[in-house]
There are 2 protein chains.
Amino acid sequence: MRLTANRIAGILRENGYKLTPQRHIVLKVIASSNDLLTPDSILEKSRQEDPSLGRVTVYRTLEVLNKLSLVCKVHSEGRCGSYMMKRPTEHHHHLVCSGCGKAVDITNCSLIDIEKKLSQESGFEIKGHLLEFYGLCHDCVENTPTIHSNKGGTSR
Amino acid sequence: MRLTANRIAGILRENGYKLTPQRHIVLKVIASSNDLLTPDSILEKSRQEDPSLGRVTVYRTLEVLNKLSLVCKVHSEGRCGSYMMKRPTEHHHHLVCSGCGKAVDITNCSLIDIEKKLSQESGFEIKGHLLEFYGLCHDCVENTPTIHSNKGGTSR
DNA sequence: CTCTAATAGATACTTCATTTCAGTTGTAAT
DNA sequence: ATTACAACTGAAATGAAGTATCTATTAGAG
């Protein structure tokens with residue numbers, strides 16, 4: 001089951017948020033993409049429909065959507081703070097293409113068991129984990145793309 | 001085996017980098033901490049020893065250390081781009097305290113096997129993964145701290 | 001000691017995000 | 001429909017984090 005922009009619009013209203021034309025545009029942009037989107041690319045796409053739409057509105061809408069757990073905030077390679085529509089409702093992670101931003105959901109996460117063991121060993125009260133896989137999708141392997149930057153290593 | 005500031009200084013020189021007093025200070029700050037440090041906190045601590053030390057120098061030193069794989073770049077909760085000395089030389093991940101930044105190394109990572117399976121299923125050429133656990137260390141559970149910000153969820 | 005490429009810090013700039021504020025609007029109640 | 005108001009919008013100012021440029025300085029090889 002895929003969350004459409006209209007379905008999300010309903011959820012917003014149910015939670016006491018107003019449904020403005022601007023929000024509807026931003027929603028549509030996010031909901032209709034399979035890729036990871038930066039706030040800036042969301043703004044750009046939204047302005048194709050309403051050129052006067054403000055940057056602040058994008059950030060505010062993302063904040064609301066994040067609060068309602070309707071979007072996933074992803075770190076990705078060299079680019080933190082990108083977003084995509086939440087597709088599986090259960091706990092999951094992502095495999096993101098460093099080339100084009102395409103994202104695949106990974107739902108079979110076995111780290112919660114590991115958390116328990118870690119918790120005992122370390123004395124930490126573990127609140128959660130961050131897991132992302134990154135690489136190149138089939139198309140980008142062939143086309144050797146240069147869109148997403150890939151500088152600087154992360155902890156691995 | 002723990003990397004000391006002096007040992008790292010040697011590695012720098014072996015790789016053709018000069019060992020300036022400023023770099024030595026920055027090194028000492030990172031090497032003598034068990035916690036995750038933001039560039040800003042590294043600057044602050046370094047300035048306790050040399051108040052004229054510049055922000056740019058911190059970034060440049062971190063860049064060099066990262067290039068030589070002497071530090072780990074960690075994303076952590078709501079705070080990307082923090083650093084800590086690399087302790088195990090092999091592939092590993094971190095458990096980070098959202099309260100005080102304390103970090104524990106996790107060396108038994110089984111995700112590389114999963115990567116292979118994922119690669120076959122998705123058609124992606126997987127380059128790596130990002131995994132971090134976060135929570136509160138024993139001290140911070142008791143003292144209910146407020147140092148590190150904890151706003152906004154990440155993908156989990 | 002001398003020489004030079006590497007480095008430091010000052011300054012300016014860029015990018016990304018947040019705050020503030022005055023005017024506008026969705027929507028629930030009349 | 002009309003009204004009333006809290007929620008919302010965009011412009012502009014501000015802030016935070018990191019980068020680029022330039023000149024003076026210096027680590028360290030010879």
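Below, chain A is the first sequence line, B the second, and so on; all start at residue 1.
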To the closest 0.5 Å, what do you measure between [atom1] ([X]) and [atom2] ([Y])?
| X | Y | atom1 | atom2 | result |
| --- | --- | --- | --- | --- |
| B:Ser119 | B:Glu125 | OG | CD | 7.5 Å |
| B:Ile8 | B:Leu3 | CD1 | CG | 5.0 Å |
| A:Leu118 | A:Ile126 | CG | CD1 | 4.5 Å |
| A:His93 | A:Asn108 | NE2 | CG | 9.5 Å |
| A:His94 | A:Leu36 | NE2 | CG | 8.0 Å |

Whole-Å distance between [N] [atom2] and [X] [atom1]?
| X | N | atom1 | atom2 | result |
| --- | --- | --- | --- | --- |
| A:Leu12 | D:dA7 | CG | P | 15 Å |
| A:Ile25 | D:dG10 | CD1 | C1' | 14 Å |
| A:Asp40 | C:dT18 | CG | P | 13 Å |
| A:Asp50 | D:dT9 | CG | P | 11 Å |
| B:Arg23 | C:dG9 | CZ | P | 11 Å |
| A:Glu44 | C:dC16 | CD | P | 12 Å |
| B:Asn15 | D:dG28 | CG | C1' | 16 Å |
| A:Leu19 | D:dA7 | CG | C1' | 13 Å |

Nearest-nucleotide 5' precedence on DNA chain D, B:Tyr17 against B:Pro39 |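 Nearest nucleotide further toward 5': that of B:Pro39.
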
Return no unless some side-chain N or O of B:Thr20 is found under 4.0 Å from OP1 or OP2 of C:dA8.
->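 Answer is yes, contact under 4.0 Å.
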
N or O in side chain of A:Gln22 less than 4.0 angstrom from D:dG10 OP1/OP2 =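 For D:dG10, OP1/OP2 do have a side-chain N/O of A:Gln22 under 4.0 Å.
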
Partner residues of A:Phe133 under the ring pair (Phe, Tyr, Trp, His ring centres under 6.0 Å) criterion, sequence neighbours left out |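 With sequence neighbours excluded, A:Phe133 shows a ring pair (Phe, Tyr, Trp, His ring centres under 6.0 Å) to B:His129, given in chain and number order.
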
Residues from residues 53-65 of chain B lying under 4.0 Å of DNA chain D - heavy atoms |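 Under 4.0 Å from DNA chain D: B:Val56, B:Tyr59.
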
Secondary-structure stems, DNA chain C, at least 3 Watson-Crick or G-U base pairs under 3.5 Å =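 Stem list for DNA chain C: C:1-30 with D:1-30.
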
Electrostatic pair B:Arg87-B:Asp105, nearest N-O below 4.0 angstrom =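 Here B:Arg87 pairs with B:Asp105 in a salt bridge, since their nearest N and O are under 4.0 Å apart.
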
Check step by step if side-chain hydrogen bond (donor to acceptor under 3.5 Å, both in side chains) holds for B:Asp50 and B:Ser52.
-> CA-CA 5 Å; B:Asp50 175 1; B:Ser52 74; 2.9 Å; yes

B:Val29 versus B:Ser46, closest heavy-atom pair with distance =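 That closest heavy-atom pairing would be CG2-OG, 3.6 Å.
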
Base, sugar-phosphate, or nothing: which does A:Pro51 touch, judged by heavy atoms less than 4.0 Å apart?
->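 No contact.
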
